[in-house]
Colleague: 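Encoded as structure tokens, here's the structure I'll be asking about.
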Amino acid sequence: MSVLKTSMRNFLAHKGRMALSAVAVLLSVAFVCGTLVFTDTMNTTFDKLFAATSSDVTVSPKSASDDGAPSRTGKPDALPASLIQRVEKAPGVGRAEGGVGSTSVTVVNAKNENMGSSTGAPTIAGNWTDNDLKAMEITSGHAPRGPTEMMVDADTADKHHLKIGDSLRTIAVTGDFTAEITGIATFKVTNPGAAIVYFDTATAQKELLGATGQFTQINVTAASGVSDTRLKQNVAAALGSGPYKLQTAKEAADESRDSVGSFLDVMKYAMLGFAGIAFLVGIFLIINTFSMLVAQRTREIGLMRAIGSSRKQVNRSVLLEALLLGVFGSILGVGAGVGLAVGLMKLMGSIGMELSTGDLTVRWTTPVTGLVLGVVVTVVAAYVPARRAGKISPMAALRDAGTPADGKAGVVRAVIGLVLTGAGTAALFASANSSKAAAGSGLLGLGVVLTLIGFVVVGPLLAGGVVRVISALVLRMFGPVGRMAERNALRNPRRTGATGAALMIGLALVACLSVVGSSMVASATSELDKSVGADFIVSSGTGQPIVPQAADALKRTPGIAHVTNYKSVDAKLTAPDGKAQNDQVTAADPTYQQDLRRKTVDGDLAAAYGPNAMSLGDTYAKEHGIKTGDTMTVAFKGGATAKLKVAAITSDDTNVDKGAMYTNITTVAKYLPADKMPKNMLMFAKAEDGKAKDAYASLKDALKPYPQYKVQNQADFKQDLKDQIGQLLNIVYGLLALAIIVAVLGVVNTLALSVVERTREIGLMRAIGLSRRQLRRMIRLESVVIALFGALLGLGLGMGWGTTAQKLLALEGMGVLEIPWPTIITVFVASAFVGLFAALIPAFRAGRMNVLNAIATD
């Protein structure tokens, strides 16, 4: 009980000094709990939506896409309406109705503005059925009754200010058609962001499927007392064997959940990874805090040992303080995590993905996980300082009137750090010289871990030399105050190393990702300059095929020398060695040779566009021992099997169309029915000589009625690529900001405790003439040096990681290394301002000390 009382007394006595460490625990736990609550809430939202929209049993074509992605033909696979009668005859069927649904549509208003989601969620068009009443209710107007009427969901209506009487144009591969809004339906559950439009059944069949008498699915409702499993068995027996897929409501919901689950899992584990980085940085803060508190209480601990406290009791006392800190910070972190999840939901809502707080899901495992992580990490981090406290000798403590110095790190520590760093450097070197990306990535991961740990361990050894160099460049201009700041930073290399290491981790990742991102952009830009001959590229950016009417508009554009069709065709390829695999064949016009310059290893690429001919990538050709003149057996999905002669083998030393197999569209058309021929996924255009500027404007005008597509020249394409990578990096930087914030708190805490530790010294300096302004400047400069020390190590380490990663990317065709010096320099300079900011409060408090009281401090 005395140990607990002592721990409580010390914890409350130093509550101000513990606050920043508690904030670090709070932030880390909040990020973990917020991530778990947010992803669990998204899962709940989708689960409710899928459960509400699934019929008891669903019958759909076996060939239908599992993930709901737009069909390459532009029309979803369908079933004959006659199947409904067969289903209705199955025992246990209460009702069977046909449903039509397509995601290969775009809905626009009179101004040609896309009414779809801006978050990537699909636009879904279909017929209004009784099954839809499970998830939606008509809250205004009425359901569509004819070809000129439609209904929209309330979320889309609110977002785009639509009302009954407005006309919308629907763009599908079968053509464009306009209908007037006659009704608005509201979801009974949360709609995460999809735009939904409904038509009457006949219109949906004609305009979305191109023919009446077809449905994309049959929704079957069980009679009273019949289970979904029994109903599925009965319907399967009634239909017999055929190209059908039958699913119960649970199976359909599970499949839909799996289609979004992979995305949610990636997001969840990525965010938890950043939370782990924040925890790692927080460990340094906690170690520093307790190390300094133990050092400041050396005399107090010595007295406790002198009056009978054992080493275990002293050790236990410090660990109990850490336990109290962990529990306190973790409890606050759990609450903050729920708030963070709500904030993320609001943020998602502002960009178009609606998530209701009514679905907020806090599983019991979330607060338990947060508490356990926070407490365990805090106690583990405090173990080394606690063990050090237990080793304090009573007599040594009683003789020590101040804080024990730690002028240089131990020899053992330095040797271990150098060995780890050397081993990590060797792993990075081996990774950079690896001939296979898979093997190299493992070595890269090992090198990153070893060099990171090595730099952390060897940090105190590096602090002496690096801080002196930084001080010579930055502090000497400030005269005696600058020299005192330098000596303060060098006074305890272990503390300076640990504080700088916390900042080093976040900035190392920033530098690494900056190098990788810049190199990817530079490599892609270089490849585009070298390979792409087309002046313009047309695509949707969302996976939607280019509808024929848009393709025709492109081909009629004045000033265009040629337009190239580009299609991806699913096929089963059998090599001459008898090995078969499912793959995609690129079907294009012969002009694609001009649009994309490909290096040919063997044969003539022009011949690959001849009758019954194709090309292969050299990787595939080497794996199967294929040479030009050999014959490939190609079974086109939904069509016949062709025997195609290998007329050319192209180099895979590229990152544009790497591994592509080319053939002429006319060749594919011989073996694939017209209704199974995919629509263009991309289109390329070449301007007539001297007319590029006018052709660019004309192409954009031609596609104004089709806002789902964008026309890009090469400059646009490069900028788009740069923007995409930049947006991804900004998200990563935003997440890494948490670790950097925790590191800044570490600098603040180190300086604050250092000021307390040097109270008497500060009083003496003030007494002999040091002004308040000079004192504050000294502390700020000390903070700047520590921050720049961490930044220098982090940026150097990160650039090493990034350079190694680029060498691996070079194996995948991204061979240009680019160091983003503006970013690196900006981050380094910004670190100085971070140091200034971190020193504001400690410097202010030091400047307000009473000189006499400070001198009297023991």
Side-chain angles (χ1 to χ4, degrees), residues 273-274 276-288 291 380-381 384 406 408-432 443-471 489-490 492-516 736 739-740 742-744 746-747 750 784-805 819 824 827-828 831-832 834-835:
F274 288 107
I277 294 170
F279 264 119
L280 180 61
V281 174
I283 287 173
F284 289 101
L285 195 160
I286 294 165
I287 290 174
N288 259 6
S291 294
V380 169
V384 173
D406 186 13
K408 52 185 177 180
V411 174
V412 174
R413 178 190 179 106
V415 170
I416 293 174
L418 291 172
V419 169
L420 288 172
T421 303
T425 303
L428 292 176
F429 181 80
S431 174
L443 289 169
L444 173 62
L446 178 64
V448 167
V449 172
L450 289 177
T451 51
L452 178 61
I453 297 174
F455 265 56
V456 169
V457 175
V458 84
L461 183 65
L462 295 174
V466 175
V467 168
R468 284 186 174 87
V469 173
I470 295 173
S471 299
L490 292 170
N492 195 322
R494 179 176 293 176
R495 183 188 305 163
T496 299
T499 306
L503 193 59
M504 175 190 76
I505 296 170
L507 296 185
L509 292 171
V510 168
C512 174
L513 294 171
S514 295
V515 171
V516 171
L736 284 174
I740 294 172
V742 175
V744 171
V747 178
T750 297
V784 167
V785 167
I786 293 173
L788 290 178
F789 166 69
L792 193 62
L793 294 188
L795 294 175
L797 192 59
M799 284 192 288
W801 296 346
T803 301
T804 305
I819 306 294
I824 299 298
V827 170
F828 184 73
S831 299
V834 165

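Just so you know, these numbers come straight off a predicted model, no measurement behind them. The basis for the numbers below is simple: all heavy atoms, side chains too, and nothing from hydrogens, waters or symmetry mates.
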Colleague: So which heavy atom on L490 is nearest to which on A463, and how close?
Modeller: CD2-O, 3.9 Å
Colleague: What residues, two or more places apart in sequence or in another chain, satisfy side-chain hydrogen bond (donor to acceptor under 3.5 Å, both in side chains) together with T496?
Modeller: none
Colleague: Using the side chain to side chain contact (heavy atoms under 4.5 Å, CB included) criterion, which residues pair with A432? Sequence neighbours excluded.
Modeller: T804, K807
Colleague: Tell me the side chain to side chain donor-acceptor pair (under 3.5 Å) pairs involving residues 459-470, sequence neighbours left out?
Modeller: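 Of all non-adjacent pairs touching residues 459-470, none passes side chain to side chain donor-acceptor pair (under 3.5 Å).
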Colleague: Indicate yes or no for a side-chain donor-acceptor contact from S431 to the backbone of A427 under 3.5 Å, with no hydrogens or angles considered.
Modeller: no
Colleague: Measuring from L462:CG to T421:OG1, what's the distance to the nearest 0.5 Å?
Modeller: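 Going from the CG atom of L462 to the OG1 atom of T421 covers 7.5 Å.
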Colleague: Nearest 0.5 Å, what's the OG-CG distance between S831 and L507?
Modeller: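 That separation rounds to 5.0 Å.
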Colleague: Within a strict 4.5 Å, meaning less than it, do heavy atoms of the L443 and L428 side chains meet?
Modeller: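 No, their side chains stay 4.5 Å or more apart.
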Colleague: What are the two closest non-hydrogen atoms of L736 and G506, and how far apart are they?
Modeller: CD1-O, 4.2 Å
Colleague: What heavy-atom pair brings A805 and V516 nearest, and what distance separates the two atoms?
Modeller: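 Between these two residues, the closest heavy atoms are CB-CG2, 3.7 Å.
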Colleague: Between atom CZ of F279 and atom CD1 of I286, what is the distance when rounded to the nearest 0.5 Å?
Modeller: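 Reported value, rounded in 0.5 Å steps: 8.5 Å.
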Colleague: Please output the side-chain donor-acceptor pairs of residues 790-800 that fall under 3.5 Å, not counting sequence neighbours, one pair per line with the distance.
Modeller:
none

Colleague: With L420, which residues qualify under side chain to side chain contact (heavy atoms under 4.5 Å, CB included), at least two apart?
Modeller: I416, L450, I453, V457
Colleague: Give me the one residue out of V784, I786, L788 that meets side-chain contact (heavy atoms from CB on, under 4.5 Å) with I470.
Modeller: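 That would be L788; it is the only one of V784, I786, L788 passing the side-chain contact (heavy atoms from CB on, under 4.5 Å) with I470.
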Colleague: Please enumerate all residues that pass side-chain hydrogen bond (donor to acceptor under 3.5 Å, both in side chains) together with T451, with sequence neighbours excluded.
Modeller: W801
Colleague: Can you establish whether the number of heavy atoms outside F429 located under 6.0 Å from its atom CZ is more than 12?
Modeller: no
